[in-house]
Amino acid sequence: MTIIATNFLNLPFAHQLVDAFKEYSNEYEFTAEGVFRRTIPPACPQCGKQMCHNGSNKYHILGLATIKLGRYHCSKCNQSLQETNIFLDNMKLEISRIFAGLYQVLRYHDVSYEGISDVMEYLIPKSSDTICRRFFDSVASIQLPETSPIQVIHYDEQHPKAGRCQKYRLTLLNGVTHEVIAEEVSDNKSQKAIKSFFKSNLKDVIESSTPVFIVTDQGKGYAELIADVFNGNAIHQYCTFHLNQNIAKEFSRKCQMKDELVKYKLFNIFYNREEELNYLKGVCEEEASISFKDRNEKHEWLKKAKIRFYDFLHEQELSRRRAHKNLGLRTYYESYVIMNELLNNAHSFSPIIQRRLNKIQKGWNHFTAFQRVDDAPATNNAIENYYSTSLKGQSKKQLRTDRGINLHMKLSSMRRSDLIGKPKITFLEVILKLIPFRAAG
């Protein structure tokens with residue numbers, strides 16, 4: 001243990017001083033003047049004669065405290081040395097880590113570098129450029145944990161902008177653990193770029209005999225691309241949520257209730273929408289039984305009917321949440337029967353609906369893949385949820401460079417891996433450690 005000589009100023013902090021120098025042996029002393037040095041000066045490295053004490057050098061720790069390191073002098077060869085102090089380096093590193101963690105947390109919550117700089121004015125002033133460099137270095141040095149073996153894979157793209165340039169964020173997600181397999185910001189999403197992305201990040205999976213189930217949206221060329229990359233060994237699922245989104249876009253929000261009924265008949269192919277269909281059938285029967293005086297009266301009735309229907313949908317959703325249930329998925333047989341019934345009655349639908357039914361029929365094997373594999377996902381919701389938390393819509397428009405996009409993506413991965421959390425030591429605890437040295441200096 002280092003020999004510590006206290007004075008009236010640092011006596012109340014003797015415990016902190018002991019803690020600070022606990023790593024050092026009794027060869028060292030901390031004098032009443034606040035100098036850290038060896039009790040017996042070391043031998044001169046040049047001539048071997050024992051050196052003598054020769055004052056000290058002052059070092060400031062971020063303007064918070066001062067530490068004095070002892071100097072030694074050799075009278076024979078005029079050689080001078082200074083005591084090294086690991087404590088000083090460790091303290092600077094500890095403070096640096098605390099602020100790096102603070103920058104990461106604030107950037108994760110979309111605080112600008114200028115905003116962080118304003119916050120630092122209350123602690124230790126730092127320019128936005130200094131903060132930007134430190135944040136980049138701290139994130140770049142983190143090694144994310146490796147993902148578990150892949151069986152179910154989600155693939156999708158997000159479209160952030162680097163300034164005015166359109167970028168494409170290509171993402172592969174483990175469908176079991178929801179861990180990111182790989183991400184890349186590309187200048188385009190051509191078949192060549194996507195194929196290269198798959199081959200470089202799924203090389204082991206492609207070369208092995210591991211069965212792969214991959215979910216994508218209905219982007220043009222995905223089916224051919226995945227069949228080519230995996231040599232026909234992958235089971236490819238089209239996202240049914242994207243399908244329902246595309247169906248909903250083909251109907252106006254002001255459409256008639258009979259059109260609303262048709263829309264939910266399409267929704268009913270892969271999801272159990274029987275309760276909504278029964279409700280809509282009752283509304284359509286009610287509409288048919290009413291003799292409207294004019295168009296305005298019918299419009300008002302339709303408006304109120306839509307509000308009642310949306311309230312019904314909201315209550316259905318709330319009841320599922322209260323019961324901790326998701327919307328029920330159809331079995332393959334149920335979907336097959338419903339689809340055939342719709343195709344048989346296709347002549348009664350509009351040309352737009354007929355084209356939609358033809359597209360579903362053409363991609364039938366891709367829409368029903370989840371029904372042929374146990375516990376397989378029917379949607380790309382896992383990757384959509386990841387996008388919504390890692391690079392929100394408003395944020396992806398604000399980023400200016402590829403580096404900024406990549407940093408934000410990695411920062412989100414660090415948060416999910418619990419690499420951004422509570423610091424081991426708080427800034428206040430660091431200040432308390434430094435008080436004795438402030439008093440001694």
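Fair warning: this is a prediction, and the values are worked out from it, not measured in the lab.
T171 places no side-chain N or O within donor-acceptor distance of the main-chain N or O of E183, the cut-off being under 3.5 Å. Within the 3.5 Å criterion, the main-chain N or O of F349 finds a donor-acceptor partner in the side chain of Q354. With K306 contributing its side chain and R253 its backbone, the two residues share a donor-acceptor pair below 3.5 Å. Between the side chain of R320 and the backbone N or O of H324 there is no donor-acceptor pair closer than 3.5 Å. The closest donor-acceptor contact from the side chain of S117 to the backbone of K126 lies under 3.5 Å. A donor-acceptor pair under 3.5 Å links the side-chain atoms of N272 to the main chain of E274, judged by distance alone. Q237 places a side-chain N or O within donor-acceptor distance of the main-chain N or O of F367, the cut-off being under 3.5 Å. In this structure, N231 contributes its side chain and N233 its backbone to no donor-acceptor pair below 3.5 Å. Looking at R330, its side chain does come within 3.5 Å of a backbone N or O of N268 through a donor-acceptor pair. A donor-acceptor pair under 3.5 Å is absent between the side-chain atoms of S186 and the main chain of K189, judged by distance alone.
Surrounding OH of Y310 are more than 12 heavy atoms belonging to other residues, nucleotides or ligands, all under 6.0 Å away. In this structure, R308 places its CZ atom where more than 12 heavy-atom neighbours from other residues, nucleotides or ligands lie under 6.0 Å away. E341 CD: 12 or fewer foreign heavy atoms inside a 6.0 Å radius. Atom CG of D375 has 12 or fewer neighbouring heavy atoms from other residues, nucleotides or ligands inside a 6.0 Å radius. Heavy-atom contacts from other residues, nucleotides or ligands closer than 6.0 Å to CD of E275 number 12 or fewer.
Using a 4.0 Å cut-off between charged side-chain N and carboxylate O, E315 and R322 make a salt bridge. The residues E285 and K281 are annotated as not salt-bridged, no charged nitrogen and carboxylate oxygen being separated by less than 4.0 angstrom. In summary, R97 and E94 do not engage in a salt bridge, as defined by a charged side-chain N under 4.0 Å from a carboxylate O. At a threshold of 4.0 Å, the pair K68-E83 does not count as salt-bridged, since none of the basic side-chain nitrogens sits closer than that to a carboxylate oxygen.
F230 is listed as a side-chain neighbour of L202, based on a closest heavy-atom distance under 4.5 Å. Contact of the L102 side chain with the L123 side chain is registered, since non-hydrogen atoms from C-beta on lie closer than 4.5 Å. At a threshold of 4.5 Å between non-hydrogen side-chain atoms, the residues Y333 and Q371 do not count as touching. Counting heavy atoms from C-beta on, the side chains of V215 and T379 never come closer than 4.5 Å. In this structure, R107 and Y113 have side chains that are in contact, with non-hydrogen atoms separated by less than 4.5 Å. Considering only heavy atoms from C-beta on, D129 comes within 4.5 Å of R133 through its side chain. Under the 4.5 Å side-chain criterion, counting only non-hydrogen atoms from C-beta, K359 is not in contact with Q218.
Between atom CD1 of residue I352 and atom CG of residue L357 there is a gap of 12.5 Å, rounded to the nearest 0.5 Å. Rounding to the nearest 0.5 angstrom, the gap separating the SG atom in C284 from the CE atom in M257 is 6.5 Å. Atoms CG and CG, from L327 and L329 in turn, are 7.0 Å apart once rounded to the nearest 0.5 Å. Distance check, rounded to the nearest 0.5 Å: CZ of F213 to CG of D374 gives 11.0 Å. Note that CD1 of I214 is 12.0 Å distant from OH of Y238, once rounded to the nearest 0.5 Å. Taking CD of E297 as the reference point, atom CG of L302 lies at 12.5 Å (rounded to 0.5 Å).
Closest non-hydrogen pair, Q191 versus G221, comes out as OE1-O, 3.4 Å. Taking each heavy atom of I194 and E157 in turn, the nearest pair found is CD1-OE2, 3.5 Å. Shown here for R134 and Y103, the closest heavy-atom pair between the two residues is CG-CE1, 3.7 Å. Residues L266 and R356 share a closest heavy-atom pair of CD1-CG, 4.5 Å. The minimum heavy-atom distance between H242 and N380, with the atom names listed, is CE1-CB, 4.3 Å. Minimum heavy-atom separation, V35 to L69: CG1-C, 4.3 Å.
In this structure, Y155 and Y222 have perpendicular ring planes: the angle between them is above 60°, well past the 30° mark. Ring-plane geometry between H154 and H178 is classed as perpendicular, the angle between the planes exceeding 60 degrees on a 0 to 90 degree scale with a lower cut at 30. Ring-plane geometry between Y332 and Y336 is classed as parallel, the angle between the planes falling under 30 degrees on a 0 to 90 degree scale with a further cut at 60.
Inspection of the T368 and R372 side chains reveals an N or O donor paired with an N or O acceptor under 3.5 Å.
The side chain to side chain donor-acceptor pair (under 3.5 Å) test with Y271 singles out one residue from N326, T240, N244, and that residue is T240. Among the candidates F251, Y279, F309, the single residue satisfying the ring pair (Phe, Tyr, Trp, His ring centres under 6.0 Å) test with Y264 is F309.
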Inset, instruction - Any chance you could lay out the salt bridge (Lys or Arg N to Asp or Glu O under 4.0 Å) test for K303 and E300, step after step, and finish with the verdict? - result: CA-CA 5 Å; K303 186 177 178 180; E300 286 299 319; 5.1 Å; no

Legend entry - Derivation and outcome, side chain to side chain contact (heavy atoms under 4.5 Å, CB included), residues F135 and I116: CA-CA 11 Å; F135 168 71; I116 299 173; over 6 Å; no

Legend entry - side chain to side chain contact (heavy atoms under 4.5 Å, CB included) between V152 and V373, intermediate numbers included: CA-CA 11 Å; V152 179; V373 177; over 6 Å; no

Inset, instruction - Could you go through the side chain to side chain contact (heavy atoms under 4.5 Å, CB included) check for K263 and D259 one step at a time? - result: CA-CA 6 Å; K263 179 168 71 175; D259 294 325; over 6 Å; no

Inset, instruction - For the pair I131 and F99, evaluate side chain to side chain contact (heavy atoms under 4.5 Å, CB included) and give the outcome as yes or no after the intermediate values. - result: CA-CA 9 Å; I131 291 168; F99 286 135; over 6 Å; no

